[in-house]
Each structure stands twice: as C-alpha cells, then as structure tokens.
Amino acid sequence: MKMVIIMAIRYELIHECKQTKARYGILHTPHGSFETPIFMPVGTKATVKTLENSEIKEVSDGLILANTYHLWLEPGDEIIKMHNGIRGFSKWDGALLTDSGGFQVFSLSDIRKIKEEGVEFRHHKSGAKLFMSPEDSIRIQNNLGADIIMSFDECPPFNSTYEYMKDSVERTLRWAKRGKEAHKFPNTQALFGIVQGGPYKDLRKMCAEELIKMDFPGYSIGGLSVGESKTEMYEVLDELKSIMPKNKPRYLMGVGTPDDIIEGVIRGIDMFDCVNPTRLARHGSAMTSVGRISIKNKIFEKDLTPLDENCDCKICKTYTKSYLRHLFKAEEYLGPRLVSYHNLYFLKKLSKNIRNAIKNDNLGDFKEDFFSKYYK
RNA sequence: GGGCGGGUAGCGAAGUGGUUAAACGCAGCAGACUGUAACUCUGCUCCUUAGGGUUCGGCGGUUCAAAUCCGUCCCCUCCCA
C-alpha cells in the first residue's frame with residue numbers, strides 16, 4: 001500500500017500577472033486558506049501589540065506571527081504547550097507562523113557567540129547565559145504549535161565580508177538540515193528554509209539551491225531590510241526570483257513598507273511580515289495613501305479630517321486627526337491602539353489591491369498609480 | 001515690627017568670581033523606526049540680518065572679569081511678636 005504523505009501546507013499558484021509576473025495564489029494551512037500575496041502582522045509575544053483578537057481578525061487576513069526566542073524566555077514554551085500551543089494560549093483561532101529566534105542572533109548581536117552547535121546568548125533582561133541550537137528552536141516551535149515554522153538561521157549584517165558570509169551561509173544550511181531532521185510534526189507544521197547570503201548573489205543562489213535540494217514546503221528570504229539600500233535588496237530578490245520553485249510559497253522576512261511590498265510582489269514574493277505598521281503606530285506615525293504622517297505634529301491640532309481620506313477603516317470613518325493627536329499628546333493608550341488598527345488595515349487593504357491587480361494583469365499600472373500619490 | 005531662607009530660561013531645579021547662553025528634569029517642536037530588548041531612540045528649544053546681541057527679581061557699585069561679592073529697593077516661604 002502506498003503511503004500518503006500529508007503536508008502541513010500547500011501552495012496553489014493561481015495566476016501570474018501578465019504585466020509583472022507577480023504571483024497570485026492560495027496558501028492552504030491547517031487553520032485556513034489564504035490568498036497571497038499576504039501581509040502578516042507581527043505578534044512577537046503572542047500578542048499583536050495593543051490589539052485584541054477580534055480586532056486582529058479585522059485588520060489581518062488571518063495569519064500572524066509570533067517569536068520563538070521571546071516566548072521561550074517568557075513565559076516559556078512549556079507553559080504554552082500546556083495550552084496546546086499559542087492558539088490555545090492567546091485564543092487566536094487563525095493561522096500562525098513562528099520565527100525561529102534566528103533574527104535575535106543578529107539583533108542582539110553585541111551579546112552573542114555563534115558556534116557550530118548553536119548560539120550563546122545573554123538574556124536581554126537578566127543577563128543570564130542562554131544557549132539555543134537549531135534542535136532547540138524546532139523543539140520550542142513544536143511546542144508553540146504554529147502552522148508554519150522557521151529554520152534556525154544566522155542573519156549576519158548585510159555588509160559582512162564575503163568570507164564571513166560564506167561560512168555563515170554554510171552553517172545556516174547545516175542548521176537547516178539539522179532542524180529538518182529534528183522536526184517532529186511535519187504534517188501539521190510546515191518548516192521553511194531561510195535563504196541568506198547578504199548581497200552576494202552567488203551565495204544567495206547557492207543557499208537557495210541547497211535548501212531546495214532539502215525540499216522544504218516553503219522558502220524564506222532573510223537577511224534583508226537590515227539597513228541595506230532598497231536597490232541592493234531588490235537586486236537580491238531579482239536574483240532569487242527565477243531560482244525559487246514555483247509551487248512553493250516565498251516569504252520575504254521582515255519587510256513591510258508599502259513600496260517594498262509592491263516591489264517584492266513584483267519580484268515573486270508571496271508572504272510578508274513586519275513590525276513596522278504596529279511600531280510606527282505606537283510612535284505616532286500613520287501609514288496613509290499619500291505617505292506617512294506623524295500624527296503628533298502641531299499642524300494636526302485643529303485638523304478635523306480622518307487619518308487617511310481614502311481609507312474606509314473604522315478609525316478613519318470615526319475619528320479626526322485632531323482627536324488622535326490629542327490622544328498621543330496626552331499619552332492615552334487608545335492612541336497607539338487606534339493607529340495600530342489603522343496601519344494594519346492599510347496594509348491589509350494594500351495587499352488586497354495588489355492581489356486584485358495581479359488578477360487583472362495590471363500590477364504595473366497599479367504600482368505607478370500608487371507611487372504617483374505616495375511619498376516616502 | 002523682628003528673624004531665617006529664597007527669587008536662575010515656558011515650568012521645576014543646579015551653579016555661588018573667569019573654561020557659563022547657563023548642568024539636569026519636565027513641558028514644547030521636529031526626526032528616526034522593515035523576521036519587536038522598542039508607548040523607544042535622536043536632535044532642537046533667549047534673540048539674531050549668524051558677524052554678533054541681550055540674560056540669572058529691580059537699580060547702583062566693586063573687579064581686568066559678576067548669576068556668583070557689596071549696597072539698596074521690590075517680592076515670596078517659614079518662624080517670633
């Protein structure tokens with residue numbers, strides 16, 4: 001009798017934009033099927049900061065992130081396992097993706113030591129010495145129970161030397177293999193491989209090809225949007241576009257400005273995530289169809305118009321800029337909440353418009369129109 | 001009426017002869033933010049035609065030099081009558 005292998009996820013490529021070759025597809029997961037390209041809000045510590053689940057439902061497409069490193073440290077993955085995973089813990093009933101903690105190796109770079117076995121960290125709060133291996137990361141992600149999980153990778157600075165980057169990529173590949181072997185639930189959790197290599201096209205190509213040989217259900221592109229220029233980032237995506245398998249989802253990690261999402265989609269990306277909309281919101285910046293605005297600016301003191309005239313979210317249908325500015329100046333919690341809601345809605349709407357444009361074979365026109373109004 | 005302590009930039013508060021247009025905090029104004037150590041971080045905040053100019057309760061002194069020392073006046077806190 002033939003064994004039927006049930007994969008955790010499946011990607012269906014439905015249509016390629018005739019103007020741009022951008023992909024429209026459907027990502028099937030154990031907790032829902034999602035049209036792509038998709039933007040995924042980030043909920044690092046099992047909460048999309050300031051928002052409640054019902055609101056996240058309204059401003060996302062139903063697929064969000066959480067972070068292995070943070071949840072491992074607090075409250076600990078065992079606690080979350082007691083709830084049968086993040087979904088039982090936070091009561092989020094949509095789909096989930098967890099990052100591996102690999103990015104923290106980079107963002108906490110002044111307190112880490114990278115070894116073949118794994119990474120030595122200092123706890124960012126207590127200073128305690130900690131260690132995480134690829135196997136640890138996968139074990140924790142198994143406990144967290146997301147639908148899509150990430151390989152434990154190293155995300156070196158974009159400007160690392162070729163020699164360092166080559167060593168790092170080779171190690172990341174070995175870690176990917178080890179993680180894959182340690183993964184206990186491949187039929188309910190899809191493990192993605194992560195392409196690294198900085199600006200070096202041959203390393204990017206090599207990394208992607210080696211990962212593809214290992215046959216992951218999806219591929220992430222990491223090590224971008226870490227301070228390099230947009231041109232450099234787009235060149236890497238251009239390089240990878242033709243290498244990535246058509247029947248698997250492609251996830252550009254950590255990217256979430258409107259312009260980068262559009263440019264990414266045109267270069268074949270299906271999935272995005274970014275802290276930008278929620279962090280900007282907490283700092284008083286709103287994403288709008290004409291560009292970013294800082295709601296705390298004095299010019300909005302008596303402005304009775306909504307954040308974005310072209311937005312139909314409930315915040316824009318209800319509140320004036322003057323009120324939102326007041327909330328921020330008065331340091332009221334509602335300010336960050338309302339703008340977080342709006343910013344996420346903005347990207348949800350943008351993703352939807354992008355998908356429609358792909359289906360209509362006019363994403364090129366859409367891009368041109370978008371940028372004619374959008375500044376910065 | 002007597003005594004003590006005070007009056008410093010929008011507010012609070014350092015400084016007690018020169019390197020002080022004056023620490024620091026707050027408020028204010030602006031900027032940054034891309035797999036979240038992030039309700040965080042960074043600038044600016046007397047005037048200026050950018051060369052300078054005018055400041056530390058007021059006025060007048062001492063001194064090469066004063067927010068800082070002296071005199072005097074005004075105001076405030078507290079204590080005693």
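Treat the numbers as computed from the prediction; the structure is a model and nothing was measured. Below, read A as the first sequence line, B as the second, and so on, with proteins coming before strands; counting in each chain starts at 1.
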- [ ] Would you tell me if any nitrogen or oxygen in the side chain of Q104(A) comes within less than 4.0 Å of OP1 or OP2 on rG35(B)?
- [x] no
Open item on the list: Return the pairing partner of rG35(B) with a 3.5 Å limit on both distances, Watson-Crick or G-U wobble; otherwise return none.
Closed with: none
- [ ] Rounded to the nearest angstrom, tell me the gap between atom CG in D99(A) and atom C1' in rG35(B).
- [x] 4 Å
Task: C1' spacing across the pair rA21(B) / rG53(B), given as an integer number of angstrom - done: 11 Å
TODO: Return the 5'-most residue of the pair I299(A), C274(A) with respect to RNA chain B, ranking by each residue's nearest nucleotide.
DONE: I299(A)
Open item on the list: Ring of Y11(A), cation from K248(A) - is the NZ or CZ under 6.0 Å from the centre and inside 45° of the axis?
Closed with: no
- [ ] Name the nucleic acid region contacted by F272(A), choosing base, sugar-phosphate or nothing; use a 4.0 angstrom heavy-atom cut-off, strictly under.
- [x] nothing
Open item on the list: By nearest atom, which of the nucleotides rC29(B), rU36(B), rG31(B) is closest to the F103(A) side chain?
Closed with: rU36(B)
Open item on the list: Considering every strand and a 4.0 Å limit on heavy-atom distances, what is the contact class for G223(A): base, sugar-phosphate, or nothing?
Closed with: base
Task: Nearest-angstrom distance, C1' atom, rC78(B) to rG28(B) - done: 34 Å
Open item on the list: Would you say N67(A) places a side-chain N or O within less than 4.0 Å of OP1 or OP2 belonging to rU36(B)?
Closed with: yes
Open item on the list: On the nucleotide rC29(B), are OP1 or OP2 found under 4.0 Å from the side-chain N or O atoms that K329(A) carries?
Closed with: yes
Task: Straight-line distance of N343(A) CG to C313(A) SG, nearest 0.5 Å - done: 9.0 Å
- [ ] Round to the nearest Å and state the distance from F328(A) atom CZ to rG28(B) atom C1'.
- [x] 18 Å
- [ ] Could you tell me whether the phosphate oxygens of rU34(B), OP1 or OP2, come under 4.0 Å of any side-chain nitrogen or oxygen in R292(A)?
- [x] no
Task: Interatomic distance, E232(A) CD vs rU34(B) P [rounded to whole Å] - done: 16 Å
Task: Presence of R279(A) side-chain N/O under 4.0 Å of rU34(B) phosphate oxygens OP1/OP2 - done: yes
Task: Distance, P atom - from rG71(B) to rG10(B), rounded to whole angstrom - done: 30 Å
Open item on the list: With the stacking rule set at 5.5 Å and 30°, tell me whether H283(A) counts as stacking on rU40(B).
Closed with: yes
Task: Span that lies between the C1' atom of rG2(B) and that of rC70(B), in whole angstrom - done: 23 Å
- [ ] Output yes when E332(A) and R337(A) qualify as a salt bridge under the 4.0 Å nitrogen-oxygen rule, no when they do not.
- [x] no
Task: Pairwise P distance, rA13(B) and rU8(B) [rounded to whole Å] - done: 8 Å
Task: Between P of rC33(B) and CE of M287(A), the distance in whole Å - done: 11 Å
- [ ] Identify whether any heavy atom of S285(A) sits under 4.0 Å from a base atom; if not, whether one sits that close to sugar-phosphate; answer base, sugar-phosphate or nothing.
- [x] base
Open item on the list: Between F89(A) and H83(A) (judged by ring centroids, cut-off 6.0 Å), do the two rings come close enough to count as a pair?
Closed with: yes
Task: Pair partner, rC24(B) [Watson-Crick or wobble, under 3.5 Å] - done: rG12(B)
Task: Separation between the P atoms of rC59(B) and rU54(B), rounded to whole Å - done: 14 Å
Open item on the list: For F39(A) together with F272(A), are the ring centres under 6.0 Å from each other?
Closed with: no
Task: Nucleotide rU34(B), atom C1' - distance to CE of M40(A) in whole Å - done: 13 Å
Task: Polar side-chain atom of R355(A) near backbone of P37(A) as donor-acceptor pair, under 3.5 Å - done: yes
TODO: Scan residues 66-75 of chain A for pairs that pass salt bridge (charged side-chain N to carboxylate O under 4.0 Å, His left out), counting only residues two or more places apart or in two chains.
DONE: E74(A)-K125(A)
Open item on the list: Taking only side-chain N and O atoms of S225(A), does any of them lie within less than 4.0 angstrom of OP1 or OP2 on rU34(B)?
Closed with: no
TODO: Examine the base of rG35(B) for any acceptor or donor lying under 3.5 Å from a partner atom in the side chain of D153(A), and report the outcome as yes or no.
DONE: yes
TODO: Can you tell me, in whole Å, how much space there is between the C1' of rU68(B) and that of rU19(B)?
DONE: 16 Å
TODO: Spell out yes or no: do the side chain of D260(A) and the base of rU34(B) have one donor N/O and one acceptor N/O closer than 3.5 Å?
DONE: yes
Open item on the list: Nearest to the H70(A) side chain among rC33(B), rC29(B), rA37(B), which nucleotide is it?
Closed with: rA37(B)
TODO: Report the residue (Y333(A) or G101(A)) whose heavy-atom-nearest nucleotide on RNA chain B is the more 5′ of the two.
DONE: G101(A)
Open item on the list: Students often get this wrong, so: under 4.0 angstrom with heavy atoms, is I194(A) touching a base, only sugar-phosphate, or nothing?
Closed with: base
TODO: Check the chi torsion on rG35(B) and let me know: syn if it falls within 90° of 0, anti if not.
DONE: anti
- [ ] Could you let me know what rC78(B) is paired to, Watson-Crick or G-U wobble, both distances under 3.5 Å, or none if it's on its own?
- [x] rG3(B)
TODO: Test for a donor-acceptor pair under 3.5 Å between the base of rU36(B) and the side chain of S107(A), counting only N and O atoms.
DONE: no
Open item on the list: Base, sugar-phosphate or nothing for E74(A)? Non-hydrogen atoms, less than 4.0 Å.
Closed with: nothing
Task: Verdict with reasoning, F216(A) to F192(A), per ring pair (Phe, Tyr, Trp, His ring centres under 6.0 Å) - done: CA-CA 6 Å; F216(A) 285 92; F192(A) 280 29; 8.5 Å; no
Task: Gap between atoms CD1 and C1', on I262(A) and rU34(B) respectively (whole Å) - done: 15 Å
- [ ] Can you tell me the distance, in whole Å, between the CG atom of L327(A) and the C1' atom of rC39(B)?
- [x] 13 Å
- [ ] Determine yes or no for a side-chain-to-main-chain donor-acceptor pair under 3.5 angstrom, with R250(A) supplying the side chain and M271(A) the backbone.
- [x] no
Open item on the list: Suppose you measure atom P in rU55(B) against the same atom in rG51(B); what distance do you get, rounded to whole Å?
Closed with: 22 Å
Open item on the list: On the nucleotide rU36(B), are OP1 or OP2 found under 4.0 Å from the side-chain N or O atoms that R282(A) carries?
Closed with: no
- [ ] Classify the nucleic acid contact of T278(A) as base, sugar-phosphate or nothing, counting any heavy atom under 4.0 Å across all strands shown.
- [x] base
Open item on the list: From CD of E331(A) over to C1' of rA27(B), roughly how many Å is that when rounded to an integer?
Closed with: 11 Å
Task: Contact under 4.0 Å: N297(A) side-chain N or O vs rG31(B) OP1/OP2 - done: yes
Task: Pairing partner (Watson-Crick or G-U wobble, both distances under 3.5 angstrom) of rA30(B) - done: rU42(B)
